[in-house]
Structures are given as C-alpha cells and as structure tokens.
Amino acid sequence: MNRAERVFQEVRRKLEGRVYVNLAAKQAVAEAYLKELAADSKRIRELVGWGWLEEDLASLPEHNV
C-alpha cells in the first residue's frame with residue numbers, strides 16, 4: 001500500500017527499455033518525467049489514490065483533536 005512505490009513504478013516504466021549515453025542522461029529523463037507528473041494532478045491522483053480507501057476515509061466521522 002505504499003503510494004510512492006506506484007509513482008516509482010510509473011517512472012521505471014518510462015525509463016526502462018532505452019539505452020542512455022550515461023547516467024546523467026537517464027537522470028535528465030527521469031527528472032523531466034517527474035516534473036511532467038507533478039504538473040498533472042489528475043494522473044498523480046490516479047497513481048496514488050485508491051477509490052476504496054478514499055471512500056472509507058470520507059465515511060469516517062470527523063474528530064476535533
């Protein structure tokens with residue numbers, strides 16, 4: 001249930017299967033893709049949100065702490 005792992009999996013899919021000149025080139029692609037994801041809040045919500053979990057959390061009574 002690690003939400004960050006789903007983002008990392010998406011980045012790995014983007015990076016794998018390509019040959020890079022060097023590590024810096026691969027890092028540049030990863031950074032560009034992370035910026036692209038960060039700008040797309042809908043895509044991030046799809047990656048890290050689980051409908052069932054959000055529904056369950058929304059159904060809990062609110063407590064004042």
Side-chain angles (χ1 to χ4, degrees):
M1 293 191 51
N2 184 346
R3 292 176 172 206
E5 185 58 34
R6 292 183 71 186
V7 175
F8 294 143
Q9 184 179 35
E10 184 74 11
V11 172
R12 280 192 298 271
R13 265 189 239 133
K14 179 74 172 182
L15 297 174
E16 296 304 315
R18 295 176 61 182
V19 176
Y20 299 91
V21 176
N22 55 32
L23 183 57
K26 188 172 186 177
Q27 182 178 353
V29 172
E31 288 176 358
Y33 190 55
L34 285 169
K35 285 179 184 178
E36 182 182 322
L37 285 175
D40 188 351
S41 60
K42 183 178 183 235
R43 181 67 182 129
I44 291 294
R45 183 173 285 286
E46 289 170 355
L47 288 171
V48 302
W50 287 284
W52 63 268
L53 181 58
E54 291 177 357
E55 290 171 10
D56 287 349
L57 288 173
S59 70
L60 292 174
E62 292 192 30
H63 296 281
N64 293 328
V65 180

Asker: Other residues, nucleotides and ligands only: do more than 12 of their heavy atoms fall within 6.0 Å of CZ on F8?
Answerer: no
Asker: Under the salt bridge (Lys or Arg N to Asp or Glu O under 4.0 Å) rule, collect the residues that match up with R12, sequence neighbours excluded.
Answerer: E5
Asker: Using the side-chain hydrogen bond (donor to acceptor under 3.5 Å, both in side chains) criterion, which residues pair with R18? Sequence neighbours excluded.
Answerer: none
Asker: For the side chain of R6 and the backbone of L47, is there at least one donor-acceptor N/O pair under 3.5 Å apart?
Answerer: yes
Asker: Could you give the side-chain donor-acceptor pairs of residues 22-35 under 3.5 Å, partners two or more places apart or in another chain?
Answerer:
| from | atom 1 | to | atom 2 | distance (Å) |
| --- | --- | --- | --- | --- |
| N22 | OD1 | A24 | N | 3.2 |
| N22 | OD1 | A25 | N | 2.8 |
| Q27 | NE2 | E31 | OE2 | 2.9 |
| Y33 | OH | E10 | OE2 | 3.0 |

Asker: Below 4.5 Å, heavy atoms only, C-beta onward: do V48 and I44 meet side chain to side chain?
Answerer: yes
